[in-house]
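A short worksheet on the structure shown next.
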Amino acid sequence: MNSHFLQTPIEYLKGLWPKRAELLKKELAIHTFQDLLNLFPNRYLDRTQYYKINQLQPTNAEVQMVGRIIHVKTVEQKRGKRLVATFVDESGTMELVWFRGIKWMRENIKINVPYVIFGRTKYFNGLYSMPHPEMELLEEHEKSLRSAMQPIYPSSEKLSNSGLTNRVMNSLMEQLFILSKNSFAETLPQSILDTLKLMSKKEALFNVHFPRSQENLAKAQYRLKFEELFYIQLQLVRKNLVHKSKIKGYPFERIGEKFNTFFSQHLPFELTPAQKRVLKEIRNDLGSNAQMNRLLQGDVGSGKTIVAFMAMLMALDNGFQTCMMAPTEILAGQHYTSLKEWAQKLQLRIALLTGSTKTSARKKIHEELQNGSLHILIGTHALLEEKVQFKNLGMAVVDEQHRFGVEQRSKLWHKNDYPPHILVMTATPIPRTLAMSIYGDLDISVIDELPPGRKEIKTVHRFDANRLKVFRFLKDEIAKGRQVYIVYPLIQESETMDYKDLMDGYESIVREFPLPQYSVSIVHGQMKSADKDYEMERFVRGETQIMVATTVIEVGVNVPNASVMVIESAERFGLSQLHQLRGRVGRGADQSYCILMTGHKLSSDAKTRLQTMVRTSDGFEIAEVDLKLRGPGDIMGTQQSGVLNLRIADVVKDSEILKLARNHAFQILKADPNLSAPENRVVRDTFSQLVKYRNIWNYIS
Ligand code: ADP
Ligand code: MG
């Protein structure tokens, strides 16, 4: 069927008068035949099975049966009238019951003619009954497309209230198939169909909407899932390959004196094998002629900073400047502190630029960047400003990428004639399959081991009722010279309730830990950044023993002497946030602790989150659980969820199909980058259709 037919407005279907069509557009974004065709059922009722009356069990399940009605009577009761029909098959007798529409039923029921009935059975006093069954004459049932597995389509209250019930959806779909004569064009190349033994497109579409058996349905779904993932991966892989062939980067030909000196004389510790491997991967990118676009994933504390610094040295050795961008001032400041220590050993000049950098200092930085005397610039998104002009920027490191948009990342591209090499670091472990979908256009490196000698952080879950015990524990730890974080949820910085909790919490901590023996810092989002920094620095210097904070400390902060993390109302945090927060401790030599405080009432998801935290500290394992609990869209935030707006596949459950699809996309593009070979024509046409009608996940760029 040509694409012209598929673009027919939905109003052409019978039964879709303008008001209903409008609703379909609004509620389900269905405008054309194609949209309707690609509305896949959420689930199916298996109507391939017929039950006999003597097989019924009091399970309350929905069942389908064949039999005849031999008698109908109206029963009058105080509570109202009902119609009762006696329904028989060769194995027994049961009742069908109606409380509404009695008159119509009574007039239309055919006696002694075989019916197919469907519904939920009730068991009472030794007799089964079925209230308000769906009914169809056996003869019609056998002719109808709707006879086997009954698809249930996505719906909404508004839709069903306006009469767009599942039955109507079914009949619209039926019309569409009749009009099309089921002649939908193939959209995958023959070679893939053959190799993977996939169902053809038209069979798959037919079977997903009108499956005759579980087996056919499974094959149809498999084929459509593969196709969906294949075209997403084709797009991502293509982007990546085009990028590598078209986007020139500055080749850093040599590993020079700075890198070598640092490596042989100043390395503060031995690199882990994972750090070395990642450095090699980066080195390979930088040595080629293409621009590097690499995502560096590594759990909190895995040592990404030094890897980034050494990558920066590769740029510096080749005569380029570098910069590093972090999402918060605190974090930028910390990076500045660690990198400065290393940079000074190599006589490199380094500066910090944030929103609160004074005008005079800022001017100087701008000048030195332009004349090339400043080698390394660390900062917040202040780096992205127009006025920040480098003489020769060769590499940009972006820390904690999920806080920056793709858009911001691309601003960095225009800071030099050729785009600088980009290294994105994230401490949010993303399961591999998800990463393939979201960052399919980036290359991925993973630091999957922690530096040696780290002690596992002991994590416990405590109820609010045990608070006094927890306080005693904190006092013991403080007596040993340790420091403590106490974190409160502040999901939206404007939520006054949360603020009240935080301030109440702070006051009770100050009461419990009074001066002069103790001193307590507080940091939250509504403080001026100078005040925040002041408090943070007091804590870093060890002048205060307790830091009461909101999640502003979530990212990156490094205070090795802080060894206890107390998370209040821990049930309100997401898993990845809990994991990030826990990563703030366990940075020094001491045994560290994470205490998750909650009330007694916990949802089952919250319980799972807490149990997971207690059980493991492996970021990737935690990410997998998180993905299962929340689904991919939520994890990546609205910004990227478009990519994951899948119609039929599921990045979590269908990860095997995803890998297969990615491999095939890769093979095809590798052999035929422009998809110009005749056998790939179908891929090219389908792909351009998808782009044209923007219906693969509005991610096309
Ligand atoms: P993250 O990946 O969370 O950014 P950092 O780079 O801040 O981690 O490293 C965490 C701590 O581990 C730092 O104090 C760092 O100096 C130290 N570190 C990094 N790599 C190693 C290593 N190979 N051996 C020992 N300590 C290391
Ligand atoms: Mg870090």
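Values below: every heavy atom of this structure, side chains too, minus hydrogens, waters and symmetry copies. Whatever order the structure lists ligands and atoms in, that order sets their numbers, starting from 1.
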Under-4.0 Å heavy-atom contact with ligand 1, by part of Arg587 that carries it = side chain
query = Which residue, Gln321, His375, Arg349, forms the side-chain hydrogen bond (donor to acceptor under 3.5 Å, both in side chains) with Glu368?
reply = Arg349
message = What I want to find out is whether Asp317 reaches Arg254 closely enough, with some N-O distance under 4.0 Å, to be called a salt bridge.
response = no
message = Is it the case that ligand 1 has an N or O less than 3.5 angstrom from some N or O of Gly303?
response = yes
ask   = When you check the gap from the basic side-chain N to the acidic O, do Lys276 and Glu281 get nearer than 4.0 Å?
value = no
query = Is the CZ atom of Phe269 crowded by more than 12 outside heavy atoms at less than 6.0 Å?
reply = yes
query = Given Ile306, Leu331, Thr305, which one has a non-hydrogen atom that is nearest to atom 6 (O) of ligand 1?
reply = Thr305
query = Counting each atom of ligand 1 from 1 as listed, which ones have a heavy atom of Glu270 under 4.0 Å away?
reply = 22 (C), 23 (N), 24 (N)
ask   = Going by heavy atoms, is Asp299 under 4.0 Å from ligand 1?
value = yes
inquiry  = So, regarding Trp342 and ligand 1 (criterion: nitrogen or oxygen to nitrogen or oxygen, under 3.5 Å), is there a contact or not?
reply    = no
ask   = Is the closest heavy-atom distance from Gly301 to ligand 1 below 4.0 Å?
value = yes
request  = Could you tell me if any non-hydrogen atom of Ala427 lies under 4.0 Å from any atom of ligand 1?
outcome  = no
Pair up each side-chain donor or acceptor in residues 389-396 with any protein partner under 3.5 Å, not counting sequence neighbours, and list the distances.
unit_1	atom_1	unit_2	atom_2	d
Gln389	NE2	Glu386	O	2.9
Asn392	OD1	Asn416	ND2	3.1

Listing, residues 472-480 side-chain donor-acceptor contacts under 3.5 Å, not counting sequence neighbours, or none:
unit_1	atom_1	unit_2	atom_2	d
Lys475	NZ	Glu512	OE2	3.1
Glu477	OE2	Lys480	NZ	2.8

message = Check Arg467 with Glu568, please: is the shortest side-chain N to carboxylate O separation under 4.0 Å?
response = yes
ask   = Does a side-chain N-to-carboxylate-O contact under 4.0 Å join Glu571 and Arg609?
value = no
task = Number the atoms of ligand 1 from 1 as they appear, then name those within less than 4.0 Å of a heavy atom of Ser302, with their elements.
result = 2 (O), 8 (O)
query = Counting heavy atoms only, which part of Leu271 comes closer than 4.0 Å to ligand 1: side chain, backbone, both or neither?
reply = backbone
request  = Output the list of atoms in ligand 1 that are nearer than 4.0 Å to some heavy atom of Thr272, sorted by atom number.
outcome  = 23 (N)
